[in-house]
Student: 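The following block contains the structure, expressed as structure tokens.
Quick caveat: nothing in here was measured; it's all calculated off a predicted structure. So that the names make sense, note that chain A is the first sequence line, chain B the second, and so on, each numbered from 1.
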Amino acid sequence: MFNLIDTNRSFKEIADEVRSYWKEYGIQHKSLKTSLGNKPFRFLEGPPTANGRPHLGHAMTRAIKDIILRYKYMTGHEIFGRSGGWDCHGLPVEIEAEKHFGFNSKKEIEEYGIEAFNAYCSKSVFTYIDEFKEVDSQIGFWIDHDRDYITLKRDYMESEWWALKTMFEKGLLFKDYKILPYCPRCGTSLSSHEVSQGYEEVSDISVYVRFKVTGEKDTYILAWTTTPWTLPSNQFLVVNPKIDYSLVSYKGSNYYVASATAGRLFPGATLVKEKIRGKELVGIKYDQLLKFIKPFDGNLQVVGADYVTVEEGTGIVHTSPAFGADDFETGKRMKTRIINPVSSEGKYNDPSLPWYGMSVMEANPKIIEYLKKEGLLFKTEKIKHTYPFCYRCHSPLIYYPLDAWFIRVSENREKIVDTNSRINWYPNHLKNGRFGNFLSEAKDWSLSRNRYWGTPLPIWKCKNGHYEAIGNLKELAERSGRELDDLHRPFVDQLKLKCLQCGSESAREPYVIDTWFDSGSATYASIGYPRYSGETHIPVDFITEAIDQTRGWYYTLHVISTLLFNSNAYNNVLTIEFVLDSNGRKMSKSEGNSILAMEALQQNGPDPLRLFFMFGVPWKTRNYDIRLISEISRKTLSTLLNVYSFFASNANLDRFEFKQLKVSEDPLDQWILSRLNSTIRSCNDYMEAYLPHEAFRSIMELIEQVSNTYLRLSRRKFWAEEMTEQKESAYSILYSILEKISLLLAPIAPFTTEYLYRSLTHEESVHLKMYPAPTEESIQPELEKKFSDVLSVIETVRRMRQKAGIKGRQPLTELLLNGSFRIEEPLIEIIKPEINCKTVRFVEEKDMPVTSKIKLNYATVASILKGNIKKVEEELSRTDPAKILEAVRKSGNATVAGFSLAADQILVEAIPQPGFIYDKDEKTGFSLFLNTTIDADLAREGLSRELIRRIQVMRKELSLEYDDRISVFIDAEPATSEDIRGSLETISSETLADEIQLGSAGEGQLWDIDGTKVKILVRKNGK
RNA sequence: GGGGUUGUAGCUUAGCUUGGUUUGAGCACCCGGCUGAUAACCGGGAGGUCACCGGUUCGAAUCCGGUCAACCCCA
């Protein structure tokens, strides 16, 4: 017996029931611990930081990961890395902790104590881990959370130490003094991939300031800057030696600017000197702008550099080597010491400045005011530009000189570009586009952070500048004489070594490393390579994350793997775009329009949500739209459950049991099997190519055809009382279709398919079965094409009936077809009942029930015939059109009333003979002639069909079971009664009536059938 | 300023790789019909300068060039 199902249950209810079944019988566990084959498949989970709540985007990536993993399981793969991962370190965590304690500076953290602070971080990073796991359970993401990798665990960090030591020894790790993007609030530098996540568009005030040329009256050099706070430390002005500058006289003063900017800056000014090459300006000395900090020797002069452009500003760049990478280079070249009046908290620390103690961002407007007051300001301009902000705390970053450790990436660009060539990117354009571009411009990775909560940099340094890297705990114990359990700060800081080179004491470099190094190490650290595992997961077969990871995880995984293992980290990577809100806006916490994963799951149920994620291309944004979500699952899952419900209730009545697929010769059966198998084939292809959304699309199409074509056309087979061969075949096909679709759809909608599959087969689980393989010999492309022709003809006839005002219930005698090919007899049999015609046949062109009427094509003929048009037309109306057409066909033209008419000069109009209507089917090109003559017999038959339908409606209104039997009483005009009497048998068998009485219907319902009044009463008799 | 992606009906979209009848669906709207599984379905109506301009071609939504717009990334 097949389980009967309630088609009105919500998908959420079904999922809840299935989830508890899985739990009770350990189905998920079985899937995680077993495999159906031994092909290896390596997966890697991108680790979230669980100090924020999971939102809709998390749900989407997790759904797609699950779809791929379930498919791989079902295709006999042994899956490695089917576990979770948690990213635990880093600034994001520290910032949450600072908020918790109300701290605003590093000083406060240190006063509170690093140990206690880190202890809090270590706890808070798991605040929402339970909610993440709950989302996984709700959405059906089957991974083994008992084997999650956790980046703060000793084993994990030890692997990283191994990696860092290896890099150190290969010379890939180096320390340098550089200008780095720096967050003054967090007190640490950021790497380029972190900076790239924090650009925002802001409007700032930029200033044009005049530097007075030393010893020349009223002559200035005009420079432009968007960071007035760097002006107190101005050391140079830079021009481009290759471009032209002018000296301009404007309101009583002379200014040097790039010629290209003069017109814009000084409207209506007079030129004093034109076309001064930049290099002629080099060496000019100027007076200090803000006379507070004493400059060094050789400062305050114009120097040349070719990075200067004229697009913005004046073509002359104010240079403060402490606060810009280019500026720093200039300072280096000029061999000067750097003026840096700004502390690591971002405040002026030079007491000679009037803004002493102020943060530079606070000082900005004050400095502008001062410049104005002192007459140093030429003008200000509001500009909109993108500026980097700290991606976590939102403070504006400054460029700041620092000692920092770097990974030598730039020298290895070729390698990382090369290993990228081995990766399959979905979508492909990322490979050489966004990602490839980023790789080819890769900068050295600034790795060290002046912070607390992170993997400590395992490098010790002695007073003589000798460095040593430590690769694991054992080594550390040997070198320091102390065992350590926890590698974190502050414990590791306390360990001193004896320098191997000079014997003096060495202390750890006080940094932690970029948390992106943690997650980027997951390919080897997640399994504790090399200490706990002899192998890595490099390269994994598949990862998928959202688009923002191009510069994040995708990048760090790739760089680390290339540098350490000379390999790409992953072979296939699928990138997902964001889910936007219902108005197409980006979801964000601050906007208050973000949607939590749990919310969406509660609202829609897991499967509808998963289908929504599979609807359309993953790498295009989609708007969260609950109406669309329910529409998609209604079209697929609801339809599928209804097909099953129909199957199950009928099959149970007939005591059908599935033993094997029995295929009849019926083209309908052949067709649906072909469709089923071609869908299975394309699903396999798409899933192999990491295109699950394409697989879903093809399944959707199949479900639609099964329900609306196959089942509808097969319905009559199921009404037969006894088990016919046809019926059995149809059952077995329907069973097979439901089974295969459950399997095909199982990775995408795991809950509903489980429910369906188990109701159908009583097997343990759809998820422990092999993915279906196509039966190639069942695929008949030719038949699939023919079948769509059949459907097209049916549609056209329905349209013709509509136009002629003849209902579908009214039987007609014949449909005649003419075309360039024919539809074979068995398929004709499908057309007949659908269009309610007794015969459907093809005729030759000459036998078409049509008279051609030939008209003149005035457009081509008018100018030739002129006054003779009337005459020709008269002659034409007397001539047999067939003769004219024959002549045109043979010789290219026909002679009418002495005039020769070519093919393009006549128009042929087909006029169907009386009793026929004509139309053309566009898909097949067939001409269709429908005989619309309704004689008394046909009319009587039509009437009985009308009655049957009314009685069926009444059955439904009485909520009768489909096998309940009834008695019917019909009250009508005597003439109508006579007509009805002839069809009593048909009516009673169609409506399961034991008896039909003509006469008084008493309390019956009055119907108006096209003007004929009939009163009908239906009474239930039981089964 | 540089790079990438996208642009098809009110909305969601297919077709573009490989040029070939009149760009195909779904939702919503209106009219009509069908129904012994269905939350369905079928027919008709209205709604498209396939973003725009140019080129290649017998023929362009599709290929090429340019422009515009939106989004994303970089500087």
Student: With respect to the side chain of A:Arg551, which nucleotide from B:C74, B:A37, B:U12 is positioned closest?
Tutor: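 Output: B:C74.
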Student: Please report the distance, rounded to the nearest Å, between CG in A:Leu738 and C1' in B:U38.
Tutor: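 Value for this atom pair: 14 Å.
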Student: Take the protein atom CG of A:Leu713 and the nucleotide atom C1' of B:A37, then report the distance between them rounded to whole Å.
Tutor: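 Atom-to-atom, A:Leu713 to B:A37, this comes out as 15 Å.
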Student: So which nucleotide does B:U17 pair with, by the Watson-Crick or G-U wobble rule with both distances under 3.5 Å?
Tutor: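 With both distances under 3.5 Å required, B:U17 matches none.
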Student: From the options B:A14, B:A37, B:C73, select the nucleotide whose nearest atom is closest to the side chain of A:Asn642.
Tutor: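 The answer is B:A37, which lies nearest to the side chain.
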Student: What interatomic distance, in whole Å, is found between P of B:A70 and the corresponding atom of B:G45?
Tutor: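 Result for the P pair: 37 Å, nearest Å.
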Student: For the aromatic rings, using the six-membered ring if either is Trp, is the centroid distance between A:His693 and A:Phe613 under 6.0 Å?
Tutor: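 When the ring centroids of A:His693 and A:Phe613 are compared, they turn out to be at least 6.0 Å apart.
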Student: Quote, to the nearest angstrom, the C1' distance that separates B:A61 from B:C42.
Tutor: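 The answer is 30 Å between these two C1' atoms.
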Student: If we call it a pair only when both distances are under 3.5 Å in a Watson-Crick or G-U wobble match, what pairs with B:G1?
Tutor: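 Base partner found: B:C74.
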Student: Looking at the side chain of A:His429, which of B:C41, B:C74, B:U5 is the nearest nucleotide?
Tutor: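 Shortest atom-to-atom distance from the side chain points to B:U5.
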Student: Check every strand shown and say whether A:Ser707 touches a base, only sugar-phosphate, or nothing at a heavy-atom separation below 4.0 Å.
Tutor: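 Here A:Ser707 touches the bases of the nucleic acid.
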Student: Given that both distances must come in under 3.5 Å, which nucleotide forms a Watson-Crick or G-U wobble pair with B:G59?
Tutor: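 The base-pairing partner of B:G59, which may sit in any strand shown, does not exist here.
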Student: Testing the 3.5 Å rule here: is there a donor-acceptor pair between the side chains of A:Thr679 and A:Ser682?
Tutor: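 Checked: A:Thr679/A:Ser682 side chains show no N/O donor-acceptor pair below 3.5 Å.
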Student: Contact class for A:Arg9 (heavy atom, under 4.0 Å): base, sugar-phosphate, or nothing?
Tutor: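 Here A:Arg9 touches the bases of the nucleic acid.
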Student: Using the C1' atom in both, what is the distance from B:A60 to B:G55, to the nearest Å?
Tutor: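 Nearest-Å result for B:A60 against B:G55 at atom C1': 11 Å.
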Student: Find the distance A:Tyr555:OH to B:C74:C1' and express it as a whole number of Å.
Tutor: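 To the nearest whole Å, that distance equals 13 Å.
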Student: Does B:C68 have a Watson-Crick or wobble partner in any strand here, with both distances under 3.5 angstrom, and which is it?
Tutor: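 Matched B:C68 with B:G7 under the 3.5 Å cut-off.
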Student: Can you check the A:Leu397 CG to B:A75 C1' distance for me, whole Å?
Tutor: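 Result: 15 Å.
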Student: Nearest-Å distance, CZ (A:Arg627) to C1' (B:G26)?
Tutor: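 Atom CZ in A:Arg627 sits about 12 Å away from atom C1' in B:G26.
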Student: Which residue lies toward the 5' end of RNA chain B, A:Ser645 or A:Glu631, if each is placed at its nearest nucleotide?
Tutor: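 That would be A:Glu631.
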Student: Nearest to the side chain of A:Asn437, which nucleotide is it out of B:A40, B:G3, B:C74?
Tutor: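 It is B:G3.
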Student: Could you measure between the two C1' atoms, the one in B:G54 and the one in B:A14, and give it in whole Å?
Tutor: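 After rounding to an integer number of Å, I get 28 Å for this pair.
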Student: Watson-Crick or G-U wobble partner for B:A37, using a 3.5 Å limit on both distances?
Tutor: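 Partner of B:A37: none.
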Student: Taking atom C1' in both B:U6 and B:U62, what distance in whole Å separates the two?
Tutor: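 Straight-line distance between the two C1' atoms is 16 Å.
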Student: Quick one: are the ring centres of A:Trp619 and A:His429 less than 6.0 Å apart?
Tutor: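 They do not qualify: ring centres at least 6.0 Å apart.
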Student: How close or far is atom P of B:C74 from atom NZ of A:Lys443, stated in whole angstroms?
Tutor: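 One finds 11 Å between P of B:C74 and NZ of A:Lys443, rounded.
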Student: Are the aromatic rings of A:Phe2 and A:Tyr644 close, with centres under 6.0 Å apart?
Tutor: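 No.
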Student: Strictly by Watson-Crick or wobble contacts shorter than 3.5 Å, is anything paired with B:A28, and which nucleotide is it?
Tutor: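 For B:A28, the partner nucleotide comes out as none, under the 3.5 Å rule.
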Student: Give me the distance, rounded to whole Å, that separates B:G43 from B:G4 when you measure between the C1' atoms they each carry.
Tutor: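 Per the computed distance, 45 Å lies between those C1' atoms.
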Student: Tell me the interatomic distance from A:Tyr554, atom OH, to B:C73, atom P, rounded to whole angstroms.
Tutor: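 So the OH-P distance, A:Tyr554 to B:C73, works out to 15 Å.
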Student: Looking at every strand, decide which applies to A:Ile794 at a 4.0 Å heavy-atom threshold: base, sugar-phosphate, or nothing.
Tutor: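 Since no nucleic acid heavy atom lies under 4.0 Å of A:Ile794, the category is nothing.
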Student: Step by step, would you call A:Glu694 with A:Arg697 a salt bridge (Lys or Arg N to Asp or Glu O under 4.0 Å)?
Tutor: CA-CA 5 Å; A:Glu694 296 286 1; A:Arg697 184 206 288 283; 3.8 Å; yes
Student: Verify whether the ring centers belonging to A:Tyr399 and A:Phe323 lie closer than 6.0 Å.
Tutor: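 Between A:Tyr399 and A:Phe323, the centre distance exceeds or equals 6.0 Å.
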Student: What distance, rounded to whole Å, do you find between the two P atoms, one in B:C68 and one in B:A28?
Tutor: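 Their P atoms lie roughly 40 Å apart.
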Student: For the side chain of A:Asn708, starting at C-beta, report the closest nucleotide among B:A37, B:A39, B:C41.
Tutor: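 So the side chain of A:Asn708 is nearest to B:C41.
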Student: In a check of side-chain hydrogen bond (donor to acceptor under 3.5 Å, both in side chains) between A:His318 and each of A:Asp327, A:Thr225, A:Thr227, A:Thr230, which one passes?
Tutor: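 Going through the options one by one, the only one that passes is A:Thr230.
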Student: Judged by each residue's nearest nucleotide on RNA chain B, which is more toward the 5′ side, A:Val617 or A:Ile547?
Tutor: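 Result: A:Val617.
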Student: Starting at atom CD of A:Glu441, determine the distance to atom C1' of B:G2, rounded to an integer number of angstrom.
Tutor: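 From A:Glu441 CD to B:G2 C1': 9 Å.
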Student: Between B:C41 and A:Lys635, is there an OP1 or OP2 to side-chain N/O distance shorter than 4.0 Å?
Tutor: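 Yes, within the criterion.
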Student: With a non-hydrogen cut-off below 4.0 angstrom, is A:Arg622 in contact with a base, only sugar-phosphate, or nothing?
Tutor: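 No contact at all - A:Arg622 keeps every heavy atom at 4.0 Å or more from the nucleic acid.
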Student: Taking the six-membered ring of A:Phe438 as reference, does the NZ or CZ atom of A:Arg551 fall below 6.0 Å from its centre and within a 45° cone about the axis?
Tutor: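 Yes, a cation-pi geometry.
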Student: With a 4.0 Å cutoff (strictly under), does any side-chain N or O of A:Arg434 reach OP1 or OP2 of B:G3?
Tutor: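 Answer no for this pair, as no side-chain N or O of A:Arg434 is under 4.0 Å from OP1 or OP2.
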Student: For B:A40 and B:G3, measure between their C1' atoms and round to the nearest Å.
Tutor: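 Result for the C1' pair: 48 Å, nearest Å.
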